[in-house]
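To keep things clear, I will list the structure first and then write my remarks on it.
Below, all heavy atoms of this structure are taken into account, side chains as well, without hydrogens, waters or symmetry copies. So you know, we letter chains A, B, ... as the sequences are listed, proteins then strands, and number each from 1. Predicted, not measured: the structure shown is a model, and the values here were computed from it.
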Amino acid sequence: MKHHSVHWFRKGLRLHDNPSLIAALKSSRKIWPIFILDPHFVKSGTVGINRWRFLLESLMDLDRSFQELGSRLFVIRGSPAEVFPKIFKDWEISQLTFEIDTEPYARQRDSEVIKLAEEHEVKVVQTVSHTLFDSEKIIKANGGKPPLTYQRMQTVLSKMGPPSEPMAAPTKENFTECKTPEESDHSSKYGVPTLEDLGLSTEGISPVIFPGGETEALNRMERYLARDKWVCNFEKPKTSPNSLKASTTVLSPYLKFGCLSVRSFYYGIQAVYSGKTHSKPPVSLHGQLLWREFFYTAAAGTPNFHQMKGNPVSLQIPWDENRAFLDAWTWFTLQSVYELVAFPVALIDDLLLSTDTSIAGRQNWLPIHRCYYDAIRKEGWIHHLARHAVACFLTRGDLWISWEEGERVFEELLLDADYSLNAGNWMWLSASAFFHQYFRVYSPIVFGKKTDPNGDYIKKYLPILKKFPPKYIYEPWVAPRSMQEQAGCIIGEDYPKPIVDHATISKKNISRMKEARANQLGTEGKKSASTAKDGKRKFDDASDEKPPPSTKSKRDSKKQKKLTQFMKK
DNA sequence: GGAAGCGTTGGTGCC
DNA sequence: TGGCACCAACGCTTC
């Protein structure tokens, strides 16, 4: 029997390596490729203007590609629960194909749609193609729990063999026996809408830096893969968060929407590596894809992964509720209405209705952080380490505000905002899960100076500070008054004064974190016995005995010994 | 079951 | 200028 199939695009906005689409094409006489503009995402307000634009560009690209094959993309508005019964009936559908999505909303939505399909006697074909591996299989291989360390993840994966190889994109031949019934009013009925059609204001929107779509994704990947040496030597910590041109691939938005298949990228890198010396996970390019896999698996296997409450992997920390601090972290400037575009609507309303006139105190005073926000808002992307710096600052470093607040802002503004990676990294940086060395705090001054000593990044995004010498550009408030006058920027008048002192507050927060951890261990019982707590001897000044070398120095001396032995050989 | 090993990418101060 | 200990003793994983 040859089916009438609907292939439902959600993520996976591509033709290459799309196994469920191929399955539909091979088993059908007729196929309708559809994308549903779900009001859930329009209403939620969690998608910023740049990501909407990226999505619509991706859909346009997909439609163009289908047209080249003699088919079309059908963009349908409405909730999936309303749309499917209608199209099942109208188009006499017997098969529905789609890519598996493990996010909670998607799971719930898909289970409802699967039920509807059953009611309409529609066969459902689902495939894993958004991740390298099936998250459920990784969890099963790890004894029913997601691996919580990268090393553990690698161990589990090493037993699972390599990821499946990517599938080729469909060709015109695939569409000779399987046709798409096109309607004469297709464009008006099923065309890709504009931002304005969706009721989104494009006033003040920045030019496109990273255009959406599979075509751009594949071109971008090829450009990077052509640089053999760069690919083989890639080490994430050695790339720069402050370079004027992105120092990493910026393929993340394309992976998020599935414009690029992670398996295609993985095997593309593999081909470049072949026969050459290359960097290794976790820092290598392959390593970056494994991090994505790590967080996808953790999110798929953890309830309430995006929030602290009810999340079994997250430390429960008594964060402050501090509106002024949150605004200061979030807001770049309030100089004009233009600057308000693309900020969370709730925050705009709150601020405009506020009777608090001390606007200066609600601005972010840190030059490098203001630059990151400007870049996020305009371009929808900043380097991973820049995200670390601002995330640490908002949470355990300085402002002591819940990682969920930061997660919401990133969710809205980043092109690559991804449920699993966003929540996972926020927990990491706030030392709520995965990462526990909470006393390692990013300094908003030192971090910038180290990564961009000349302050070129600041000069680009924050020209008001460009006349300050590099010594002061990261902390202009310590510049002498005469220098501020010379630079044409008086701190407190033209530029906000700091509202917290990093050195003081970060020390205070380290002790708060220590206390939170101690409290939780106390209240939740013996989650895990700490060897340091009860096992090790304490040494003080009165003791003549020398303390044993620390774990790290012991480890290092072991390494040294091995190296010496190796050299002798 | 308990001890030991070790963790993607910090900052500071000392030598 | 670069290497190292230390911060303060976490918590997952392995043996």
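Going from atom CD of A:Glu293 over to atom P of B:dT8 covers 17 Å, rounded to whole Å. Between the C1' atom of B:dG11 and the CD1 atom of A:Ile510 lies a distance of 9 Å, rounded to the nearest Å. Between the P atom of C:dA8 and the CD atom of A:Glu515 lies a distance of 15 Å, rounded to the nearest Å. Atom pair A:Phe393:CZ and B:dG10:P shows a separation of 18 Å (rounding to whole Å applied). Here the P atom of nucleotide C:dG11 and the CZ atom of A:Phe434 are 14 Å apart, to the nearest Å. What separates CZ of A:Phe435 from P of C:dT13 is a distance of 17 Å, to the nearest Å. Rounded to whole Å, atom P of B:dG7 lies 17 Å from atom CE of A:Met153. Rounded to whole angstrom, the span from the CD atom of A:Gln151 across to the C1' atom of B:dG7 amounts to 7 Å.
Atom NZ of A:Lys276 is surrounded by more than 12 heavy atoms from other residues, nucleotides or ligands within 6.0 Å.
Checked against B:dT8, B:dG11, C:dT14, the side chain of A:Arg152 finds its nearest nucleotide in C:dT14. Side-chain proximity of A:Leu148 to B:dT9, C:dC12, C:dG11: nearest is C:dC12. Counting only heavy atoms from C-beta on, A:Tyr438 has its side chain closest to C:dA8 among B:dT8, C:dC12, C:dA8. Listed candidates were B:dG11, B:dT9, B:dT8. Nearest to the side chain of A:Ser443 is B:dG11. If you check C:dG11, B:dT9, C:dC7 against the side chain of A:Phe439, the one that comes closest is C:dC7. Comparing C:dC10, B:dT8, C:dT14 by their nearest atom to the side chain of A:Trp291 picks out B:dT8. In this structure, of C:dC10, B:dT8, C:dT13, it is C:dT13 that holds the atom nearest to the side chain of A:Thr149. Of the candidate nucleotides C:dC10, B:dG10, C:dT14, B:dG10 has the atom lying nearest to any side-chain atom of A:Tyr442. When the nucleotides B:dG11, C:dC12, C:dC10 are ranked by their closest atom to the side chain of A:Lys450, B:dG11 comes out on top. Distances from the side chain of A:Val446 to the nucleotides B:dG11, C:dA8, B:dT8 place B:dG11 closest.
Of all heavy-atom pairs spanning A:Ile138 and A:Val156, the tightest one is O-CG1, 3.8 Å.
Under the Watson-Crick or G-U wobble criterion, with both distances below 3.5 Å, B:dA4 is paired with C:dT13. Base-pair partner of B:dG11: C:dC6 (Watson-Crick or G-U wobble, both distances under 3.5 Å).
The phosphate of C:dA8 (OP1 or OP2) has no side-chain N or O of A:Arg440 nearer than 4.0 angstrom.
Formation of a donor-acceptor pair under 3.5 Å by the A:His369 side chain with backbone atoms of A:Pro444 is not found in this model.
Remark: aromatic rings of A:Tyr372 and A:Tyr457 are close, center separation under 6.0 Å. Residues A:Phe234 and A:Trp230 bring their aromatic ring centres within 6.0 Å.
Nucleotides C:dA8 and B:dG7, compared at atom C1', are 15 Å apart to the nearest Å. The P atoms of C:dG11 and B:dG11 are separated by 23 Å, rounded to the nearest whole Å. Comparing the C1' positions of B:dG1 and C:dT14 gives an interatomic distance of 13 Å, to the nearest angstrom.
When only modelled atom types and interatomic distance are considered, A:Thr504 and A:Asp501 share a side-chain donor-acceptor pair under 3.5 Å.
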